[in-house]
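A note on names: the letters A, B, ... follow the listed sequences, proteins ahead of strands, and every chain is numbered from 1.
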Amino acid sequence: MKIGTIGLAGSGKTTLIGSLTLALLQGEASSDLALFNFDGVAATRDLSQHADTIQRGRWPARTEQSKVAEYAIRLRRKSTNTVFSLRLPELPGELLEEVWRTDRIPAPLTFLTDYDGYLLLVDATLDEPERAAAQHVHLLQGIKRARGHAPSAYAPEPLGLVLTKWDALPPEEQALGPDGLAAEHMPMLVDFIASNFTLRRVFAASAVGAVDAAGQPLLQGGRIVPRGIFEPLEWITGQVARAAPAALG
Amino acid sequence: MTTQAKLICPTCGTHYGEAGCPHAPSGATRAAAPPAPPPAALDAPATPRTPEQAPEGVYVGAEVVPRGGFKLSSLGFERSGKTTYLGMLYFLIATGRLPGYRFAWSDSLRDLEQLRAQLHRPASQGGPTFPPRTDTDRTVFLQLGLRRWDDDRYVDLYFPEFSGEDVARIWTDGQFPENLRFLRGFDGYLLFVDATASSALDVGRHLRLLSGLLELKGTLRLKEPVAVLLSKWDLVADAEATTPEAFFRQRFGGLHDAMKGQLETFRVFAVSSVGKVRTLLGHDGLPIERDGAVLHVPAPERVAVEGADDPVFSYRPLNLSRPVLWLLEHLTAGARA
């Protein structure tokens, strides 16, 4: 099963993957997903490194512009006791931003067009949400078109819109909830998703839970306490599994 | 023979460069006209799907022909307000405020974002301004896709920005150039008529455009609905004393008569894309003119927002969505029947 975590530079892709890894390594009990093992040395090394950085109350380094990797994690769904392989990409947002400028998905990223589902990560605290919405729409249009779907057709791949850095929002904006905030700040993106994807859902996530006065991940009781990081993954893997059981494995 | 020697200037009514005409058609200096741009690609090449096929990545720009819905197109000459209308319509759609429809697709997002940025330019950068006059070497197409809330029906809106050469070709030859002939297959049209430009030459140009459209469709009477947009209505001095229909009959009588005879269905709308405008004044206190026309800029209401440095601009457009919605309602009713 291939799930593409995509998002522009600064949307929190690496932090989310690192935080997920940390939670899996610590045996997060509240999720239906549990770690079975990592597939390959590179995945084990890189993901553990990201998790370790976050555990120390630091942000993982920004993904280098030249680095594109695909990590495979074997996960066990506790409720059904089934194991499946999840492939997550790590890629620099700058490469995705090239699509806006060139109408072209860069060669290193063409593998994204084969994925079974997508989690679009959007920084919930963006200053200019209108322009960002247009860029995200353009990116999704590009992926949809590259998959051969006509503009007037609905894409069957599930799409989760994940609003990251949720903890940094003021309380009145958090009170809107993820659907309300997305509709309020990015109506164009919400309308586009509703017009092009049959399986869709909006999530709020905070990969580190809170930040300290210096803007670094806050350790609470000696641990990072993320919020909402498993929910998108549980939903999208469930959708893919229902739509195409063959994707499991 | 060069293009310049052959074409008639639609503004002056003489051959380009003759009898005091200061204009030149776009692209006139080229030895040969450029190949026509793809009209959102009626004959799209196969899109590469794999890295092997596309070593430089996968092209995902406007190539695929949208299918499965109504297609509407704007028609109108330069300075008829098409670009400003489109910029404001895009803003309306992007903010989810077009009644009954939602945003679904656009192959022109970069261009539309530029229009939006100009119409909403912060006060600290000079405030809102109209999009610069379109003066393209090639006719380009701006596109918006919508989906109806009720039944998810898909609709494509096309807004061609005609090049000076293509406009001159319609005026001179009376025919749509080859690269615009795809407009033949469209389901409805938005005809932009500048309400402040009603000279005999202006009326004649619109008549020529109408005749060209009928020739293109191969008919003497057009079945497809046409929404006539009287743009810049806010600049019409006696706007409050008359109705758009009466104004159109009075100032564009010949065009109105021609439409009565040649169009099965049309309706006139008074349109002001941005609402109030203000005249730009020079240091001498006199209006600034460019190309013989007084310069205006949008004058939206400024609304102070708590905690924000710049005010937010609140536009009060007139009939921005009604022409499009009228066309869509008309087409939908026809499809049901």
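No more than 12 heavy atoms of other residues, nucleotides or ligands sit less than 6.0 Å from atom CG of A/D127. Within a 6.0 Å sphere centred on CD of A/E172, other residues, nucleotides and ligands contribute more than 12 heavy atoms. By the 6.0 Å contact criterion, NZ on A/K67 is enclosed, its count of non-hydrogen atoms from other residues, nucleotides or ligands being greater than 12.
The distance from the CZ atom of B/F103 to the CD1 atom of A/I193 is 11.0 Å, given to the nearest 0.5 Å. The line from CG of B/L109 to CG of A/D103 is 9.5 Å long, rounded to the nearest 0.5 Å. The OH atom of B/Y90 lies 3.5 Å from the CE atom of A/M188; values are rounded to the nearest 0.5 Å. Interatomic distance, B/R147 CZ to A/N196 CG, rounded to the nearest 0.5 Å: 6.0 Å. A distance of 11.0 Å separates CD in B/E113 from NE2 in A/H138, rounded to the nearest 0.5 Å.
Annotation for B/D107 and A/R145: closest pair OD1-NH1, 3.1 Å, computed over non-hydrogen atoms. Across every non-hydrogen atom of B/G96 and A/D191, the tightest pair is CA-OD2, 3.8 Å.
With a 4.5 angstrom heavy-atom cutoff, B/F91 does not touch chain A via any of its atoms. At a 4.5 Å heavy-atom cutoff, the contact between A/A194 and chain B is made by backbone and side-chain atoms alike. Looking at B/R97, there are no atoms closer than 4.5 Å to chain A (heavy atoms on both sides), in backbone or side chain.
Between chain B and the options A/E130, A/M186, A/Q135, A/E98, heavy-atom pairs under 4.5 Å are most frequent for A/E130.
When atom types are taken as modelled, the side chain of A/Q141 and the backbone of B/S106 share a donor-acceptor pair closer than 3.5 angstrom.
The shortest side-chain heavy-atom distance between B/R102 and A/V190 does not fall under the 4.5 Å cut-off. Side-chain contact check for B/R116 versus A/R131: some heavy-atom pair is nearer than 4.5 Å.
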